[in-house]
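So the structure is just underneath, and the comments pick up after that.
All heavy atoms count here, side chains included; hydrogens, waters and symmetry mates do not.
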Amino acid sequence: MVDTARGSRNRPEVKTLGKHTGTRLHGPTARVSIVVVVGLVILLTILGVATQGFRTGASTAHPSSAVRSLFAPASSPPAPPTYTPLLLSVGAIPHTICVQDSALCSAQTGETQVTLTAAAPNTGLATWPSVQVAIVVETAVYDGVYDPSAGDPGNYGGGPGDKCALTGGTACEESNGVPFFVAHSQQIANAIAAANPHSNVSFAMVDYFATLDSHDDGDGSEYHVDIPQFVPASSFGGQVQSTFQASVLSGGYVYGDSDFSDNIIHSSVITAMFGTIIGSGLDWSPKTHHVIVWMGDTAPRDPNYVQDYAITPSDYIQGSSGTCEPAYSYGALTSPECEGWVRSQDGNATHSIAGLAKSSPTCTDSIGGVCTVDTIDLYSTPTDPYSPGWPCNTAYKQEGGCPGGPAVRSNVANVLEAGCDMAAATGGTWDGPSFYSCPNGQYGHLQAVFVGASTGNPNLNNPSLFNAFRQVGFGPVVGSQVANGTHQPIFQYIPFGAIQVVPGQHISATCLKADGTNFKTCDHAPVVVNRSGLLGLGWNWSTKPGQNQMYLGDVWTVSFLVFAAGPPLATVPVDACVTLYCKAAGSNQIHGLYTWATYIPATNNTVVVQSFPVAQVNVLGLPGVPPPPLLLPPPPPIPPPFAIPVSPPVPVLTAIGISAQVGVATISLQAAMAGLLGAGFLRIATKVRPIANPVLASKMKKAGSMFDREMGGGGTHIGRFE
């Protein structure tokens with residue numbers, strides 16, 4: 001462990017730095033790694049790609065615009081997932097019915113039961129809902145705001161000073177982080193929003209650096225809000241320049257009187273993060289996800305991340321940084337004494353910044369129930385153990401100082417591990433120097449890009465830092481809400497063709513929650529959808545607007561009867577719908593309407609209209625009355641009694657019981673019979689034909705005769721002709 005006693009030189013064990021594993025490179029291995037990195041940077045510089053000199057105090061090289069655009073990302077981040085749709089289904093049973101709601105065909109029924117089902121998926125969704133991002137910018141010396149005009153390069157009070165600043169220029173390996181952020185804040189906000197297209201992203205800003213302790217001359221801000229209201233991405237850049245740049249940086253890129261009499265390797269980051277999380281001066285909103293993006297290069301005042309000032313170019317060369325963050329008043333609320341970074345120092349689990357990100361009301365009412373913290377450790381002297389900014393002489397070597405010394409590596413490791421630990425503890429992302437990786441395997445991508453030789457004309461290009469901002473994470477948040485209702489019913493049924501809803505029937509929907517219980521405010525009764533005479537049905541998930549949301553595992557179902565009011569007599573769709581299968585089955589929208597689910601998904605703020613699939617039913621015709629048989633031509637009219645022309649009479653002698661003979665005219669019996677039969681068939685054929693009315697038919701009693709009624713009455717007579 002590093003001895004944290006003030007002015008101590010005993011360091012029996014120090015942390016070492018490395019890459020790609022939880023271990024850290026040290027000794028010859030580290031030197032070889034640095035040599036390789038130096039060689040690569042030199043090669044890139046020769047090719048015009050390197051953004052700045054490496055291991056030299058002031059920068060002299062700038063990126064070649066012909067080779068690399070400032071905002072051209074090295075690689076595209078993974079696209080956020082789109083919304084997960086509801087699982088929709090529709091069925092119709094029985095499959096075959098008679099036309100006109102009749103039961104007279106072979107199907108023996110004129111109605112089919114249609115069932116609509118909408119189910120929310122059962123698995124969690126990686127979601128990026130509406131997001132508020134507070135960017136916390138550190139303004140310590142090596143963050144890129146050193147003021148050479150203050151005249152303090154670190155050689156006052158017996159300190160060795162920063163050898164680059166001693167020449168009157170900028171500090172050794174002074175990151176251009178703050179100048180770059182100011183100059184490109186609008187592009188940064190646009191990039192973050194563009195990388196998360198399914199979110200409404202808004203931004204606020206805080207700055208800080210001062211510790212006001214024994215390594216600080218007493219000026220500067222411990223916590224300062226620049227942009228208190230979260231503003232849209234489109235206006236963030238202008239807000240940064242009109243507030244932070246105009247007021248804090250006096251219109252330029254230098255923090256007035258920022259020099260080596262100020263804290264340079266530790267800061268008031270705990271105080272700044274505490275105020276940001278609780279929303280002191282910020283208007284965090286509930287029902288949005290809360291994200292904090294921190295950029296800096298110092299360590300917190302926490303016993304796990306102590307900084308040794310005895311090996312630095314500070315004016316205050318003796319002792320180590322404090323291990324306790326003083327209490328700070330934010331008006332009505334005061335932070336605890338000795339607030340921890342990721343672990344509490346007093347046994348109260350909430351007394352750490354990581355704990356606060358999970359317990360503060362401003363975080364628990366965030367979507368997901370936490371505040372996500374993304375950290376960016378700038379590539380600079382405090383994060384580079386081989387920077388020439390670490391002074392070196394025989395005395396410093398004996399104390400573990402000088403570039404690459406064990407005490408230097410310990411300081412750098414504590415700065416970088418603090419950033420890694422916070423991101424890991426809150427589900428955020430980390431980025432930092434490209435030679436370093438966090439214990440959990442997150443790699444750094446930042447290249448060595450520094451302010452340059454002039455604070456008045458700093459280098460404002462830093463592609464790797466731009467990418468670090470662009471790829472900050474929002475969680476992800478595991479959301480349980482799937483669909484949110486809109487101004488119209490979530491579910492709608494529109495019949496297709498001659499299909500109609502049976503009027504007057506009782507219809508009741510069911511709403512089951514993921515645990516199988518009934519949803520108490522389920523919208524059981526449908527409303528009638530009437531659009532230009534087209535009648536359909538509509539339902540919501542809940543009768544209460546505030547509860548009209550479906551969550552993981554929720555299932556909605558409704559069943560009702562429909563009939564075919566007319567042709568075609570074929571297999572037809574029962575619902576208007578617009579999927580490919582719907583159109584293949586002959587269905588489509590009607591005047592822009594169809595059977596759908598319309599809602600706002602959790603991952604989007606745009607209304608989704610999702611078509612139900614198609615269901616079909618086979619419609620049969622009704623059997624008609626058999627047509628009349630083919631009739632013989634009717635005979636001419638016959639005047640009574642049988643005045644039918646006959647051939648001349650032929651006497652016929654017939655015995656009639658006496659020996660007398662009676663003369664009778666011969667009659668055509670075939671013609672007479674044909675006339676009688678024809679008259680009888682004609683009467684049957686012209687009888688009034690009954691009309692098939694399924695409603696009336698169901699109410700009519702079975703037809704019968706007088707004989708039937710008498711027999712049913714138990715009487716002794718079977719009817720009479722009266």
Side-chain angles (χ1 to χ4, degrees), residues 51 70-71 73-75 77 133-140 142-145 173-185 187-189 191-192 195-196 201 203-209 236 240 244 265 267 269 272-273 276 291-300 305 341-342 353-354 357 371-384 412-438 440 442-451 460-475:
T51 57
L70 171 63
F71 300 112
S75 60
V133 179
I135 297 183
V136 179
V137 176
E138 183 181 88
T139 54
Y142 287 106
D143 293 318
V145 295
E173 291 199 3
E174 180 185 346
S175 170
N176 75 338
V178 172
F180 170 82
F181 173 79
V182 171
H184 302 294
S185 52
Q187 290 93 331
I188 289 171
I192 293 174
N196 299 275
V201 188
F203 297 85
M205 181 181 172
V206 167
D207 73 88
Y208 76 96
F209 84 90
F236 181 64
V240 169
F244 176 63
I265 54 176
S267 67
V269 60
M273 293 292 285
T276 302
V291 175
I292 298 170
V293 179
W294 171 84
M295 180 184 75
D297 63 4
T298 67
Y305 311 101
W341 185 240
V342 296
I353 297 302
C371 291
T372 301
V373 181
D374 300 302
T375 57
I376 300 175
D377 281 301
L378 295 173
Y379 198 136
S380 64
T381 289
T383 59
D384 179 7
V412 171
N414 282 339
V415 172
L416 295 174
E417 287 183 6
C420 291
D421 291 349
M422 180 56 65
T426 61
T429 58
W430 172 87
D431 210 341
S434 57
F435 59 80
Y436 185 80
S437 67
C438 293
N440 66 0
Q442 290 197 51
Y443 289 79
H445 302 91
L446 299 188
Q447 302 301 313
V449 181
F450 308 125
V451 165
L460 299 178
N461 288 351
N462 197 330
S464 60
L465 181 56
F466 177 77
N467 253 354
F469 274 109
R470 181 175 178 265
Q471 299 186 55
V472 296
F474 289 171

Inset, instruction - List in chain and number order the residues that pass side-chain contact (heavy atoms from CB on, under 4.5 Å) with Ser175, two or more places apart in sequence or in another chain; answer none if no residue qualifies. - result: Leu378, Ser380

Inset, instruction - Say whether, by atom type as modelled, one donor and one acceptor occur between the side chain of Asn467 and the main chain of Pro463 under 3.5 angstrom. - result: no

Inset, instruction - Mind listing the closest non-hydrogen atom pair of Gln447 and Ser434 along with its distance? - result: NE2-CB, 3.7 Å

Inset, instruction - Would you mind reporting whether Pro433 and Leu416 have side-chain heavy atoms less than 4.5 Å apart? - result: yes

Legend entry - Between CE on residue Met273 and CD1 on residue Ile353, distance to nearest 0.5 Å: 6.5 Å

Legend entry - For Ala424, all residues meeting side-chain contact (heavy atoms from CB on, under 4.5 Å), sequence neighbours excluded: Asn440

Inset, instruction - Evaluate the ring planes of Phe203 and Phe236, with Trp represented by its six-membered ring, and classify them as parallel (under 30°), tilted (30 to 60°) or perpendicular (over 60°). - result: tilted

Inset, instruction - With sequence neighbours left out, write down each residue that passes side chain to side chain donor-acceptor pair (under 3.5 Å) with Trp430, or none if nothing qualifies. - result: Asp377

Inset, instruction - Sequence neighbours left out, what passes side-chain contact (heavy atoms from CB on, under 4.5 Å) with Asp431? Give chain and number order. - result: His445, Leu446, Ala468

Inset, instruction - State, to 0.1 Å, how close Leu465 and Gly177 come at their nearest heavy-atom pair, and which atoms those are. - result: CD2-CA, 3.8 Å

Legend entry - From CA spacing to verdict: side-chain contact (heavy atoms from CB on, under 4.5 Å), Asp143, Phe181: CA-CA 11 Å; Asp143 293 318; Phe181 173 79; over 6 Å; no

Inset, instruction - Determine the minimum heavy-atom distance between Gly427 and Thr372, stating which atoms define it. - result: O-CG2, 3.7 Å

Inset, instruction - Answer whether the closest heavy-atom distance between the side chains of Phe180 and Met295 falls below 4.5 Å. - result: no

Inset, instruction - Assert yes or no for the condition that the ring centre distance of Phe435 to Tyr379 is strictly below 6.0 Å. - result: yes

Inset, instruction - Identify the two heavy atoms, one from Asn461 and one from Val449, that lie closest to each other, and give their separation to 0.1 Å. - result: O-CG1, 3.1 Å

Inset, instruction - Without swapping roles, check the side chain of Thr139 against the backbone of Tyr208 for a donor-acceptor pair under 3.5 Å. - result: yes

Legend entry - Which residues share a side chain to side chain donor-acceptor pair (under 3.5 Å) with Thr381, sequence neighbours left out: Ser387

Inset, instruction - Find out whether Thr383 and Tyr436 are in side-chain contact, i.e. whether some heavy atom of one side chain is under 4.5 Å from a heavy atom of the other. - result: no

Inset, instruction - Indicate yes or no: at least one non-hydrogen side-chain atom of Val201 is less than 4.5 angstrom from one of Phe474. - result: yes

Legend entry - Closest approach of Val415 to Asp297 (non-hydrogen atoms, all atoms of both residues): CG1-O, 3.5 Å

Inset, instruction - Flag the pair Tyr142 / Ile265 as yes when at least one side-chain heavy-atom distance between them is below 4.5 Å, and no otherwise. - result: no

Inset, instruction - Could you pull out the closest heavy-atom pair between Thr429 and Ala423, with the gap in Å? - result: O-CB, 3.4 Å

Inset, instruction - For Glu174 and Val145, indicate whether the former's side chain and the latter's backbone hold a donor-acceptor pair under 3.5 Å. - result: yes

Inset, instruction - With sequence neighbours left out, write down each residue that passes ring-ring contact (aromatic ring centres under 6.0 Å, His included) with Phe244, or none if nothing qualifies. - result: none

